[in-house]
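When reading the values below, keep in mind they use all heavy atoms of this one structure, side chains included, and skip hydrogens, waters and symmetry mates. Keep in mind that what you see is a predicted model, and the values were worked out from it rather than measured.
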Amino acid sequence: PQLLKFDVAPGSNTAWVAFTIDRPVSMVLKIDGRTIRGGTPTDIRAVYLKRLARGVRHEYEITLTDGFGNELILNGAFETL
């Protein structure tokens, strides 16, 4: 899979993570000891994260897998306000 667009928009104790991929993928997002699995494979994803600690750096890992088993792994961090 190829990443076309990616954005993280943190709030005080929330964050939006949104991205667009060139083909339908399934998603697994790991953040703060939680694992969030996406539903039906799609090429556009938006995840709203709640109950995040305020003013803290949050590191995440997103694994995207297409129908052929090809993976794209995104690692990053953001800080809540």
Please set out all donor-acceptor pairs under 3.5 angstrom arising from side-chain atoms of residues 7-15, sequence neighbours excluded.
none

Cluster link Val47 to Val25, ILVMFWY, side chain under 4.5 Å: yes
Atom pair CD1/CG of Ile36 and Leu29 - distance to nearest 0.5 Å: 4.5 Å
Step-by-step side-chain contact (heavy atoms from CB on, under 4.5 Å) determination, Leu3 to Ile21: CA-CA 5 Å; Leu3 184 65; Ile21 300 293; 3.6 Å; yes
Closest approach of Gln2 to Asp22 (non-hydrogen atoms, all atoms of both residues): N-OD1, 2.8 Å
Residue pair Val17, Phe6: steps toward the side-chain contact (heavy atoms from CB on, under 4.5 Å) verdict: CA-CA 8 Å; Val17 178; Phe6 185 81; 4.0 Å; yes
Residues in ring-ring contact (aromatic ring centres under 6.0 Å, His included) contact with Tyr48, at least two apart in sequence or another chain: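 Tyr48 satisfies ring-ring contact (aromatic ring centres under 6.0 Å, His included) with Trp16 once adjacent residues are dropped.
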Side-chain donor-acceptor pairs of residues 59-81 under 3.5 Å, sequence neighbours excluded:
{"from": "Asp66", "atom 1": "OD1", "to": "Phe68", "atom 2": "N", "distance (Å)": "2.9"}
{"from": "Asp66", "atom 1": "OD1", "to": "Gly69", "atom 2": "N", "distance (Å)": "3.1"}
{"from": "Asp66", "atom 1": "OD1", "to": "Asn70", "atom 2": "N", "distance (Å)": "2.9"}
{"from": "Asp66", "atom 1": "OD2", "to": "Arg23", "atom 2": "NH1", "distance (Å)": "2.9"}
{"from": "Asp66", "atom 1": "OD2", "to": "Asn70", "atom 2": "ND2", "distance (Å)": "3.1"}
{"from": "Thr80", "atom 1": "OG1", "to": "Ala53", "atom 2": "O", "distance (Å)": "2.6"}
{"from": "Thr80", "atom 1": "OG1", "to": "Gly55", "atom 2": "N", "distance (Å)": "3.0"}
{"from": "Thr80", "atom 1": "OG1", "to": "Val56", "atom 2": "N", "distance (Å)": "3.2"}
{"from": "Thr80", "atom 1": "OG1", "to": "Val56", "atom 2": "O", "distance (Å)": "3.4"}
{"from": "Thr80", "atom 1": "OG1", "to": "His58", "atom 2": "NE2", "distance (Å)": "3.4"}

